[in-house]
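Quick caveat, the model's predicted, so the values are computed rather than measured. Whatever order the structure lists ligands and atoms in, that order sets their numbers, starting from 1.
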Amino acid sequence: MNCGLLGQTLRHSYSPQIHNSLGDYSYSLFEVEPAGLEDFLKNGNFDGLNITIPYKKAVVPYCNKLSSIAKKLNSVNTLVRQSDGSLLGHNTDYFGFLSTVQKTGLSVSGKKVLVLGSGGASVTAVAVLQELNADVITISRSGKNNYTNLHLHADASLIVNATPVGMYPDTSASPLSLETFPHLEGVIDLIYNPARTALLQQAERRGIVAENGLYMLVAQAKESAEWFTGQKISNAKIKEIYKQLSNQMENIVLIGMPGSGKSTIGMLLAQIANKEFIDADAYLEKKFAETIPNIFAKYGEEHFRNLETQVIADLAKRSGLVIATGGGCVTRPENYSLLHQNGKIIWIKRDISVLATDGRPLSSSGNLQAMYEKRQPLYEKFSDFSVCNDDFAEETAQNILSHLHKEEI
Ligand code: NAP
């Protein structure tokens with residue numbers, strides 16, 4: 001079977017990887033300009049298609065038959081070529097979003113839910129939430145309910161972000177502040193790059209549910225695969241693929257005192273986990289064409305910390321990296337959200353009597369014990385967990401990976 005994803009401009013897509021894990025069919029990317037859409041749908045070499053921006057509505061008139069959900073949403077993201085050549089249209093985003101709400105464990109019945117944005121994903125989320133008996137309000141920049149009268153909805157229990165605000169590369173943006181929603185139980189952001197948008201990080205700080213869009217992406221693909229092949233696939237497969245993709249996309253960020261072994265362990269981790277290794281200090285020296293001791297000597301620590309935050313902002317919005325940070329990156333609180341957006345942060349602990357100090361301006365000039373006492377609570381605060389590096393770097397790297405893989409979804 002030939003299946004694939006149809007869109008106008010397809011940048012990096014996880015869909016081929018997801019579908020390769022779901023069924024025994026080929027899955028290609030089809031970039032088609034609007035003028036070529038009709039010809040492609042009539043004569044293209046495909047048995048099944050997923051449809052993405054901007055064609056989910058445009059393909060509807062070409063469907064000979066629509067599922068009830070596709071008809072209701074007037075939007076198709078899955079097309080199946082029937083044996084007589086006709087096209088059947090369905091929408092699996094509905095199942096994807098429903099599965100995501102179910103994953104959060106939140107009950108929305110009778111509660112107010114705000115859905116931000118009024119595009120295709122919003123229409124799907126609204127339909128699912130209405131089916132679950134929620135009191136759904138769409139917040140649109142141009143609607144009656146908009147970002148200037150959010151105070152009317154301070155009783156909201158759940159907020160769903162169905163706008164692209166906060167998506168890579170503009171990851172510092174957030175569609176709204178959660179401060180004015182005291183009854184909020186959770187936030188679902190349909191964005192999955194970054195894994196923890198600025199909006200989701202606000203929810204995490206409140207200690208409420210914070211769910212991104214990756215589960216929806218995998219769940220909608222699972223249902224599409226069922227339509228392509230006509231065979232039922234267990235929902236356990238969604239969890240399995242979701243976990244694998246989350247691990248693959250996650251950055252592993254190492255923090256700890258200068259000389260604690262972050263680079264050595266980081267290189268080993270990258271090798272074992274098949275990720276790219278980046279030493280943030282080496283990256284900084286290359287980017288600014290100056291050694292760190294020279295930057296300290298010429299411009300002082302404050303200037304260096306500014307450059308370091310710029311480098312962290314660049315690196316941490318990427319996915320699938322192992323990043324060894326400079327020992328003092330924890331002294332800037334803003335570095336936390338940057339590193340956390342896509343990363344698990346691990347504190348490498350090492351006895352300070354054996355820390356390497358060569359070429360490290362702060363370690364070699366001052367009192368390491370005083371530096372450690374100042375930074376220790378910051379390492380604690382930044383890190384998801386810590387490991388001890390007692391000269392067995394390989395063992396430490398393995399410990400980190402088994403800890404990461406143990407984590408439940
Ligand atoms: P869309 O049709 O372009 O709609 C996005 C809506 O967001 C717009 O209609 C607009 O609503 C609002 N919006 C756009 N730019 C904005 C801005 N700068 N500030 C505030 N609001 C803005 O896109 P879509 O297909 O619905 O996708 C929306 C988001 O969901 C995207 O991030 C997409 O990646 C994600 N998504 C994820 C999945 C998944 O499987 N996880 C599936 C589908 C979509 P108003 O004009 O009414 O404000």
Atoms in ligand 1 flagged as close to S140, the criterion being non-hydrogen separation under 4.0 Å: 45 (P), 47 (O), 48 (O)
Sub-3.5 Å N/O-N/O distance, I139 and ligand 1: no
Flag: protein heavy atom within less than 4.0 Å of atom 33 (C) of ligand 1: no
Heavy-atom nearest neighbour in the protein, as seen from atom 42 (C) of ligand 1, with distance rounded to 0.1 Å: M216 CE, 3.8 Å
Atom 30 (O) of ligand 1: nearest protein contact (heavy atom, Å): L190 CB, 3.7 Å
Closest contact, heavy atoms only, W227 versus S67: CH2-CB, 4.1 Å
Residue, atom name and distance, where the atom is the protein heavy atom closest to atom 11 (O) of ligand 1: S118 N, 3.1 Å
Contact atoms of ligand 1, heavy-atom distance to L217 under 4.0 Å: 40 (O)
Taking atom 5 (C) of ligand 1 as the reference point, the nearest protein heavy atom with its distance: A162 O, 3.7 Å
Under-4.0 Å heavy-atom contact with ligand 1, by part of A121 that carries it: both
Distance filter under 4.0 Å to G120 heavy atoms, resulting ligand 1 atoms: 2 (O), 26 (O)
Atom 19 (N) of ligand 1 - nearest protein heavy atom and its distance: V165 CG2, 3.3 Å
Protein residue, atom and distance nearest to atom 25 (O) of ligand 1, heavy-atom basis: I53 CD1, 4.0 Å
Polar proximity ligand 1 side, R141 side, N/O cut 3.5 Å exclusive: yes
Gap between atom CG of N2 and atom CG of L49 - 0.5 Å precision: 10.0 Å
Polar contact flag for S142 and ligand 1 (N/O pairs, less than 3.5 Å): no
Side chain, backbone, both or neither: the part of Q220 lying under 4.0 Å from ligand 1 by heavy atom: neither
Approximate separation, where rounding is to 0.5 Å, of L269 CG and I252 CD1: 5.0 Å
S122 N/O under 3.5 Å from ligand 1 N/O: no
Between CH2 on residue W347 and CZ on residue R375, distance to nearest 0.5 Å: 12.5 Å
Residue portion contacting ligand 1 (non-hydrogen atoms closer than 4.0 Å) for I191: side chain
Numbering as shown, the atoms of ligand 1 that approach Y192 to under 4.0 Å (heavy-atom distance): 41 (N)
N/O separation below 3.5 Å, G119 to ligand 1: yes
Heavy-atom protein contact below 4.0 Å for atom 45 (P) of ligand 1: yes
Nearest non-hydrogen protein atom, atom 41 (N) of ligand 1: G213 O, 2.9 Å
Aromatic ring pairing F228/Y27, orientation class (parallel under 30°, perpendicular over 60°, tilted between): tilted
Mutual orientation of the aromatic rings belonging to F40 and F30 [parallel < 30°, tilted 30-60°, perpendicular > 60°]: tilted
